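Written out below as structure tokens is the structure these notes cover.
All values reported here derive from a predicted model rather than from experimental measurement.
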Amino acid sequence: MLVSVFLALFLPCVGMSAVFLVYICLLWYAAAYQSAGAGAGNYQNDPVKPNQEMGLSAAQLDKLPKITGKDLVMSNDCAVCLDEIESEQFARVVPGCNHGFHLECADTWLSKNPVCPVCRTKLEPEFFTTPESNPC
């Protein structure tokens, strides 16, 4: 009876200790491998940063519609700064979805992200090209 109680308490402790030691060894091995790989110039296992799209240029921003707050159709709230666009303030409208923002807020956002802050509509290059004259 005493032996069975001893085994019932001892064997789980030994098993958990073995699992813990294997875990510690794996952590040590991974840390040593990464530090050796980085020092030796082996960058194949480094996480790759995803391609981030560049925002719009100043010339592209100037081609976007600029209106006053009283001419906004959808909403007078700027989703970037969460403030109301007053009727005399300038606002920038995103083509395609017609969401409006303060001029400064929109230019700051769109210079870093080529998407609408509200609906994530991507600003495609055709928004910035001048339409060619129709020969017909």
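Between Leu56 and Ser111, the closest side-chain pair of non-hydrogen atoms is not below 4.5 Å. Looking at heavy atoms from C-beta onward, Ile85 lies out of side-chain contact with Asp77 at the 4.5 angstrom threshold.
Separating the CG atom in Leu110 from the SG atom in Cys116 is a distance of 8.0 Å, to the nearest 0.5 Å. Separation of atoms CE (Met16) and CG (Leu21) is listed at 11.5 Å; rounding is to 0.5 Å. The SG atom of Cys119 lies 13.5 Å from the NZ atom of Lys122; values are rounded to the nearest 0.5 Å.
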Under 3.5 Å, which donor-acceptor pairs link side chains of residues 88-101 to any protein atom two or more places apart or in another chain?
from  : atom 1 : to     : atom 2 : distance (Å)
Gln89 : OE1    : Glu86  : N      : 2.8
Gln89 : OE1    : His102 : NE2    : 3.2
Arg92 : NE     : Asp107 : OD1    : 3.0
Arg92 : NH1    : Leu61  : O      : 3.1
Arg92 : NH1    : Leu64  : O      : 3.0
Arg92 : NH2    : Asp107 : OD1    : 3.1
Arg92 : NH2    : Asp107 : OD2    : 3.1

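Screening residues 93-104 for salt bridge (charged side-chain N to carboxylate O under 4.0 Å, His left out) gives no qualifying pairs among residues at least two apart or on separate chains. Residue pairs meeting the salt bridge (charged side-chain N to carboxylate O under 4.0 Å, His left out) criterion with at least one partner in residues 4-33, sequence neighbours excluded, are absent.
Proximity of a side-chain donor or acceptor of Trp109 to a complementary backbone N or O of Val115 within less than 3.5 Å is detected.
Under the side chain to side chain contact (heavy atoms under 4.5 Å, CB included) criterion, Asp62 pairs with no residue at all, not counting sequence neighbours. For Phe20, the side chain to side chain contact (heavy atoms under 4.5 Å, CB included) partners at least two apart in sequence or on another chain are Ile24. Partners of Ser87 by side chain to side chain donor-acceptor pair (under 3.5 Å), not counting sequence neighbours: none found.
Between Val118 and Ala79, the shortest heavy-atom contact is CG2-CB, 3.5 Å.
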- [ ] With side chain to side chain contact (heavy atoms under 4.5 Å, CB included) as the test, would you mind laying out the steps for Leu72 and Ile67 before giving the verdict?
- [x] CA-CA 7 Å; Leu72 285 173; Ile67 60 174; 3.7 Å; yes

